[in-house]
Peer 1: 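Sharing a structure below in structure tokens format, with a few things to ask.
None of these values were measured; they are calculated from a predicted model.
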Amino acid sequence: PCLNAERYVAEAVESVRAQHYPDIEHIVLDGGSRDGTLARLARFPELRVISEADNGSHDAMNKGVRLASGEIIGFLNTDDLYAEGLLAQVADAFAQDPDLDVVTVGTVVFEDEETSGARRVLVARDHRVDNGFWLAELAFGAPGFNGRFFRSRVFEKIGGFDLAYDFAADRPFLTRIALSGIKAITLPLFGYFFRSHPGSRTLDATRRHAEAFAKEHIPQAARFTQAA
């Protein structure tokens, strides 16, 4: 998903190019950027770029799932990065077990130093259970959604992202997976890098969207409590 991301999007794309994996389909769902995003994306001929109005990032992600032809699906934010070589390790884990449906890696939150351009790690998170789906973490913690990779059949079984939630649609999606009994594992590596910066919807140090997040978490809690 992409919208007005000219500052960081080229670096995100370069992190996919650095995978050196032979069979990657990279789809960008642009919500109608009005800055220089599309011009930056035009530098990468391998991208499939679709620019049209949407109902937010999760709507774009649902579209991307429907368009994707690959067996394994991951989601990269336009201001984030993959670790070099990550996708080959993820693909190898799936190849070793045809019954495996989700692979999770550890995630790192970092920020760019304004003056030097150096990067500072703010927090590194792995997962407390082997399958990466600890309900307490999904309910109260930071689930690290983008550090997860899914077989396409997961979306056929679980469904897509619920657009009733603007900020936190990934949390009920992951909770549905956790309750479904789908087979999942974690890999012992930090593979996804979240960038914290003032323009981030989720990792802004001022937490300007904290109230909106909380308002979405309350009905989610009620929904899954009633289901239980």
Peer 1: What side-chain donor-acceptor pairs closer than 3.5 Å can you find for residues 130-142, not counting sequence neighbours?
Peer 2:
unit_1, atom_1, unit_2, atom_2, d
Asn131, OD1, Phe133, N, 2.9
Glu137, OE1, His127, ND1, 3.1

Peer 1: With Phe190, which residues qualify under ring-ring contact (aromatic ring centres under 6.0 Å, His included), at least two apart?
Peer 2: none
Peer 1: Measuring only between side-chain heavy atoms, which start at C-beta, is Asn146 closer than 4.5 Å to Leu76?
Peer 2: no
Peer 1: What pairs with Phe110 under ring-ring contact (aromatic ring centres under 6.0 Å, His included), at least two apart in sequence or on another chain?
Peer 2: none
Peer 1: Identify whether Ile24 and Phe149 are in the same connected component of the hydrophobic contact network (ILVMFWY, side-chain heavy atoms under 4.5 Å).
Peer 2: yes
Peer 1: Does the side chain of Val154 reach to within under 4.5 Å of the side chain of Ile182, using non-hydrogen atoms?
Peer 2: yes
Peer 1: Answer with yes or no after comparing the ring centroid distance for Tyr192 and Phe194 against a 6.0 Å cut-off, counting only values under it.
Peer 2: yes
Peer 1: I need the minimum non-hydrogen distance between Ala168 and Pro172, along with the two atoms involved.
Peer 2: O-CD, 2.8 Å
Peer 1: What's the separation between atom CD1 in Ile185 and atom CD in Gln96, rounded to the nearest 0.5 Å?
Peer 2: 8.0 Å
Peer 1: Between Gln19 and Leu87 (side chain of the first, backbone of the second, donor and acceptor by atom type, cut-off under 3.5 Å), is there such a pair?
Peer 2: yes
Peer 1: As a quick check of understanding, evaluate side-chain contact (heavy atoms from CB on, under 4.5 Å) for Ser180 and Ile158, giving each step before the final call.
Peer 2: CA-CA 8 Å; Ser180 74; Ile158 300 297; 3.8 Å; yes
Peer 1: Nearest 0.5 Å, what's the CD1-CD distance between Ile73 and Glu25?
Peer 2: 8.5 Å
Peer 1: How would you list, by chain and number, every residue that makes a ring-ring contact (aromatic ring centres under 6.0 Å, His included) with Phe193, sequence neighbours excluded?
Peer 2: none
Peer 1: State which residues pass salt bridge (Lys or Arg N to Asp or Glu O under 4.0 Å) with Arg7; sequence neighbours excluded, sorted by chain then number.
Peer 2: none
Peer 1: Parallel, tilted or perpendicular: which describes the rings of Phe145 and Phe173, with under 30° parallel and over 60° perpendicular?
Peer 2: perpendicular
Peer 1: Take a 6.0 Å sphere around CG of Asp23 and say whether it holds more than 12 heavy atoms from other residues, nucleotides or ligands.
Peer 2: no
Peer 1: Who pairs with Asp162 by salt bridge (Lys or Arg N to Asp or Glu O under 4.0 Å), at least two apart in sequence or on another chain?
Peer 2: Arg223
Peer 1: Flag the pair Thr78 / Pro1 as yes when at least one side-chain heavy-atom distance between them is below 4.5 Å, and no otherwise.
Peer 2: no
Peer 1: Side chain of Arg119, backbone of Asp112: donor and acceptor closer than 3.5 Å?
Peer 2: no
Peer 1: Is it the case that one hydrophobic cluster holds both Val28 and Ile50, taking links as side-chain heavy atoms less than 4.5 Å apart, direct or via other members?
Peer 2: no
Peer 1: Under 4.5 Å side-chain heavy-atom separation, chaining through any Ile, Leu, Val, Met, Phe, Trp or Tyr, what else clusters with Tyr8? Say none if it is isolated.
Peer 2: none
Peer 1: Is Val65 reachable from Leu174 through a run of hydrophobic residues whose side-chain heavy atoms are each under 4.5 Å from the next?
Peer 2: yes
Peer 1: If every non-hydrogen atom of Pro143 is compared with every non-hydrogen atom of Arg171, which pair is closest and at what distance?
Peer 2: CD-NH2, 3.7 Å
Peer 1: Would Val49 end up clustered with Ile27 when hydrophobic side chains under 4.5 Å apart are linked, directly or stepwise?
Peer 2: no
Peer 1: Restricting to pairs with a member in residues 58-67, which pass side-chain hydrogen bond (donor to acceptor under 3.5 Å, both in side chains), not counting sequence neighbours?
Peer 2: Glu52-Lys63
Peer 1: Do any side-chain atoms of residues 102-109 form donor-acceptor pairs under 3.5 angstrom with protein atoms, and if so which ones, sequence neighbours left out?
Peer 2:
unit_1, atom_1, unit_2, atom_2, d
Thr104, OG1, Arg148, NH1, 3.2

Peer 1: When rounded to the nearest 0.5 angstrom, what distance separates CZ in Arg48 from NE2 in His26?
Peer 2: 12.5 Å
Peer 1: Would you compute the distance between atom CG of Leu187 and atom CD of Gln89 and round it to the nearest 0.5 angstrom?
Peer 2: 7.0 Å
Peer 1: Would you list the atom pairs, donor with acceptor, under 3.5 Å between side chains in residues 30-47 and any protein atom, with sequence neighbours excluded?
Peer 2:
unit_1, atom_1, unit_2, atom_2, d
Asp30, OD1, Ser33, OG, 2.4
Asp30, OD2, Gly32, N, 2.9
Asp30, OD2, Ser33, N, 2.9
Asp30, OD2, Ser51, OG, 2.6
Ser33, OG, Asn4, N, 2.6
Asp35, OD1, Thr37, N, 3.0
Asp35, OD1, Thr37, OG1, 2.7
Asp35, OD2, Ala5, N, 3.4
Asp35, OD2, Glu6, N, 3.3
Asp35, OD2, Thr37, OG1, 3.4
Thr37, OG1, Ala5, N, 2.6
Thr37, OG1, Glu6, N, 3.0
Arg40, NE, Glu6, O, 2.9
Glu46, OE1, Arg17, NH2, 3.2
Glu46, OE2, Arg17, NE, 2.7

Peer 1: For Asp79, is there any backbone N or O sitting under 3.5 Å from a side-chain donor or acceptor partner on Arg195?
Peer 2: yes
Peer 1: Please list, chain by chain and in numerical order, all residues satisfying salt bridge (Lys or Arg N to Asp or Glu O under 4.0 Å) with Asp92, sequence neighbours excluded.
Peer 2: none
Peer 1: Check for me, please, whether Leu189 and Phe94 land in the same ILVMFWY cluster - side-chain distances under 4.5 Å, paths through other members count.
Peer 2: yes
Peer 1: Would you please indicate if the ring centroids of Phe75 and Phe161 are separated by under 6.0 Å?
Peer 2: yes
Peer 1: Taking salt bridge (Lys or Arg N to Asp or Glu O under 4.0 Å) as the definition, give me every residue that meets it alongside Lys183, ordered by chain and number, with sequence neighbours left out.
Peer 2: Asp97
Peer 1: Ser15 side chain to Leu81 main-chain N or O, any donor-acceptor pair under 3.5 Å?
Peer 2: no
